[in-house]
Engineer: 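Below is the structure I would like to discuss, written out as structure tokens.
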Amino acid sequence: MSRSHELYQQVILDHNKNPRNYRVIPDATYSCEGHNPLCGDHITLFLNVGADGIISDVSFQGNGCAISKASASMMTTFLKGKSSDEAKSLFKEFHDMVIGDLDPDVQETHLGKLTLFKGVREYSSRIKCASLAWHALMGALEKQVSATTEA
Ligand code: ZN
């Protein structure tokens, strides 16, 4: 097993066991329920965006597999303090990476630690688990109450 794969598994397990930002924001500006019917993952994303367009708080709650939870945990940590426009372009990069159109090993990305999820390319059934939180985020930014990985 490669070192990067070992690291991937460790980080997923850690975030699954101790998810960051795992809470409800009671007065959230936006919230969106995301659903991945292929795996049964279900998360609700909460989002506060200030008048300046900056994400001041973002959190999630729900039930799902280790990858969907770890991805939501890492995404929420990564997005705090970024603008909603940045979040939209990060979604595109993340999506392109997990489907294999963007290779962080040879192409420049702004994904930082999230490039860890490039590993899911090899497991096509997991791609939607990793991107569920992002679909819910996009739904929230577009003021939708629900989002699905099948959209
Ligand atoms: Zn899943």
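One-based numbering along the sequence shown. Bear in mind that the values here come from a model prediction, so they are computed numbers and not experimental data. One-based numbering, in listed order, for ligands and for the atoms of each.
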Engineer: Compare all side-chain heavy atoms of V58 with those of N21 and state whether any distance is below 4.5 angstrom.
Structural biologist: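 A side-chain contact under 4.5 Å is absent here.
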Engineer: Could you note down all residue pairs passing ring-ring contact (aromatic ring centres under 6.0 Å, His included) where residues 62-98 supplies at least one of them, sequence neighbours left out?
Structural biologist: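 Qualifying pairs, neighbours excluded: F91-H95, F91-H135, F94-F117, F94-W134.
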Engineer: Could you name each residue pair satisfying side-chain hydrogen bond (donor to acceptor under 3.5 Å, both in side chains) that touches residues 105-120, not counting sequence neighbours?
Structural biologist: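 Residue pairs passing side-chain hydrogen bond (donor to acceptor under 3.5 Å, both in side chains), neighbours aside: E93-H110, D105-K118.
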Engineer: Are D101 and R121 ion-paired here, with the side-chain N under 4.0 Å from a carboxylate O?
Structural biologist: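 No, D101 and R121 are not salt-bridged.
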Engineer: How would you list, by chain and number, every residue that makes a side-chain contact (heavy atoms from CB on, under 4.5 Å) with H35, sequence neighbours excluded?
Structural biologist: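 With sequence neighbours excluded, H35 shows a side-chain contact (heavy atoms from CB on, under 4.5 Å) to P37, H42, given in chain and number order.
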Engineer: Under 2.8 Å from the Zn ion (ligand 1), which protein N, O or S atoms are there? Could you list them by chain and number?
Structural biologist: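 As for protein N, O or S atoms lying under 2.8 Å from the Zn ion (ligand 1), they are C39 SG, D41 OD1, D41 OD2, C65 SG, C129 SG.
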Engineer: Which is it for R20 and D14 under the salt bridge (charged side-chain N to carboxylate O under 4.0 Å, His left out) test, yes or no, and what are the steps along the way?
Structural biologist: CA-CA 10 Å; R20 323 301 197 260; D14 172 50; 2.8 Å; yes
